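This report concerns only the one structure given below.
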Amino acid sequence: NQAAQSLRSTKSRTIGVILPNTIDPFFGSIADSIIRHCTECSFNVMPRITQNGTAYDEVSQFQKLSEAGVDGVIYCSISTPNLKAFHTFFSGIPTVICSRHDLIAGRPHVFFNHIKGGYLATRHLIEMGHSRIGILVGIFGNRFHTAADLDAYLEDPVLAGPYSGIDKYIGARRALAEYSIPFSPELIEFIDLGNAYTSGYHAMQKLLSRTTDIDAVFCSNDMSANGAIHMLSQQKISVPDDLSVIGYDNGIMSTCTQPRLSTIVQDTELLGQKCVECLQKLFNNEPCGDVEIDVRLIIRQSSCRKQKHT
């Protein structure tokens, strides 16, 4: 509209930031980093949250930012975006895709190597002697139900761009295959990342109801790992003596639980910094390609070598 065009032409130095939520420490830390680096560059920040209870509404946030006349956007999707709406509202606005890969052609993406993260987490559990490893796959809204639903993503990992949880699952499957450990579909469960703690609790319940010989579990994030550990403690199952648990994020939740979580470290401070740097390049009409950020394993007290019980 005319007001938005007028604002944009005067360069308000305002950046729109779209995130699923900021309650999850992962997204909260991304927001913190983006805001800090934008402030250092004298940019104003207009944050928008797409989660509203159990529902998600990205399109209305696209529209609000477009009408506000933002000069640029940093966008983290919950799943496959509404491309028609995205291009309608952001066609002329420099946009960086945050924490996702292969989401929108022609826009730079800044993301973590989650396939490597899933591989490292699962390899660690295998090297500790575990072979019956549960996998909690995190998806916003949880649109998947069985391991077969993910087969297409194993064949073409590019399709997993909107879903970091599926990237982690792909990495876990690669580790199992490398060590010649058969994959058991009954050991996979899905969690809703919008309610990760409670979802992790119930997912752990479901896994234990289906199998009694599970000896480890890889969780899609630290919040779901905390939920799983809570459930295990209620069942008098000791972590890590009876069952090892590894999370993903290395946020505040990883050190607040007992035992402290083994997890995968993803540097959200660097992610936010790189998103802002990419946006600056777009403003300056400089070339800007995708940026992949490495991850690493940190071993704490929630995982150990498999115990021999007599």
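These figures come from a predicted structure and were not determined experimentally.
Using modelled atom types and a 3.5 Å distance limit, the side chains of Gln205 and His202 yield a donor-acceptor pair. Between Arg296 and Asn250, the side chains place no donor N or O within less than 3.5 Å of an acceptor N or O (distance only, hydrogens not considered). A donor-acceptor pair shorter than 3.5 Å cannot be found between the side chains of Arg260 and Thr255. For the residue pair Asn226 / Thr257, a side-chain donor-acceptor distance below 3.5 Å is found, with atom types taken as modelled.
Within the model, atoms SG of Cys278 and CZ of Phe283 stand 11.5 Å from one another, a figure rounded to the nearest 0.5 Å. Rounded to the nearest 0.5 angstrom, Thr95 OG1 and His87 NE2 are separated by 10.0 Å.
In this structure, Ser244 contributes its side chain and Cys304 its backbone to a donor-acceptor pair below 3.5 Å. A distance-only check finds a donor-acceptor pair linking the side chain of Asp192 to the backbone of Gly141 [under 3.5 Å]. The backbone N or O of Phe27 sits nowhere less than 3.5 Å from a side-chain atom of Ser29 that would complete a donor-acceptor pair. With hydrogens and angles ignored, the 3.5 Å screen pairs no side-chain donor or acceptor of Thr198 with any backbone N or O of Asn195. Although no hydrogens or angles enter the test, the distance criterion places a donor-acceptor pair under 3.5 Å between the side chain of Arg305 and the main chain of Glu127. No donor-acceptor pair closer than 3.5 Å links the side chain of Asp241 to the backbone N or O of Ser238. Here the side chain of Arg48 pairs no donor or acceptor atom with the backbone of Val17 at under 3.5 angstrom. Remark: side-chain polar atoms of Asn113 are paired, donor with acceptor, to backbone N or O of Lys116 under 3.5 angstrom. Here the side chain of Asn284 pairs no donor or acceptor atom with the backbone of Glu286 at under 3.5 angstrom. Listed for the Arg13 side chain is a donor-acceptor partner under 3.5 Å among the backbone atoms of Cys41.
In this structure, Met223 and Phe26 have side chains that are not in contact, with every pair of non-hydrogen atoms separated by 4.5 Å or more. Looking at Leu136 and Leu207, their side chains come closer than 4.5 Å, going by heavy atoms from C-beta outward. In this structure, the side chains of Val295 and Val265 stay at 4.5 Å or more apart for every pair of heavy atoms. The closest side-chain heavy-atom distance from Gln266 to Phe112 is below 4.5 Å. No side-chain heavy atom of Ile15 sits under 4.5 Å from any side-chain heavy atom of Val70. Between Thr80 and Tyr163 the shortest side-chain heavy-atom distance falls below 4.5 Å. A 4.5 Å side-chain heavy-atom check between Ile133 and Thr122 finds at least one atom pair inside the cut-off. Between Leu150 and Tyr169, some side-chain heavy-atom pair lies under the 4.5 Å cut-off.
Using bins of under 30°, 30° to 60° and over 60° for the plane-to-plane angle, the ring pair His230/Tyr197 lands in the tilted bin. Below 30°, between 30° and 60°, or above 60°: for Phe144 and Tyr153 the angle between ring planes is above 60°, a perpendicular geometry.
For CZ of Arg210, the number of neighbouring non-hydrogen atoms (other residues, nucleotides, ligands) closer than 6.0 Å is greater than 12. More than 12 heavy atoms of other residues, nucleotides or ligands shown are found within 6.0 angstrom of CG on Asp151.
Here the closest heavy-atom approach between residue Ser302 and residue Pro240 is recorded as O-CB, 3.3 Å. The shortest heavy-atom contact between Asp167 and Ala160 is OD1-CB, 3.4 Å. Residues Ala147 and Phe190 approach most closely at N-CE1, 4.5 Å, considering heavy atoms. Residues Asn21 and Gln51 approach most closely at ND2-OE1, 2.7 Å, considering heavy atoms. Nearest approach of Asp102 to His109, heavy atoms of both residues: N-CD2, 3.6 Å. Smallest separation of non-hydrogen atoms from Phe90 and Arg107: O-NH2, 2.9 Å.
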Full working for side chain to side chain contact (heavy atoms under 4.5 Å, CB included) between Asn44 and Cys38:
CA-CA 7 Å; Asn44 303 307; Cys38 280; over 6 Å; no
What's the verdict on side chain to side chain donor-acceptor pair (under 3.5 Å) for Glu277 and Gln273, showing C-alpha distance, side-chain angles and the deciding distance?
CA-CA 6 Å; Glu277 288 177 359; Gln273 174 188 333; 2.9 Å; yes
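For the pair Arg173 and Phe183, the cation-pi test (distance below 6.0 Å, angle within 45°) is passed.
Only one option out of Val276, Val45, Asp32 pairs with His37 in a side chain to side chain contact (heavy atoms under 4.5 Å, CB included); it is Val276.
Qualifying side chain to side chain contact (heavy atoms under 4.5 Å, CB included) partners for Pro81, counting only residues two or more places apart in sequence or in other chains: Glu58, Tyr75, Leu83, Leu103, Ile104.
Among residues at least two apart or in separate chains, ring-ring contact (aromatic ring centres under 6.0 Å, His included) pairs with a member in residues 242-280 are His114-Tyr248.
Ion pairing of Arg132 with Asp215 is absent here, as no side-chain N (NZ or NE/NH1/NH2) approaches a carboxylate O to less than 4.0 Å.
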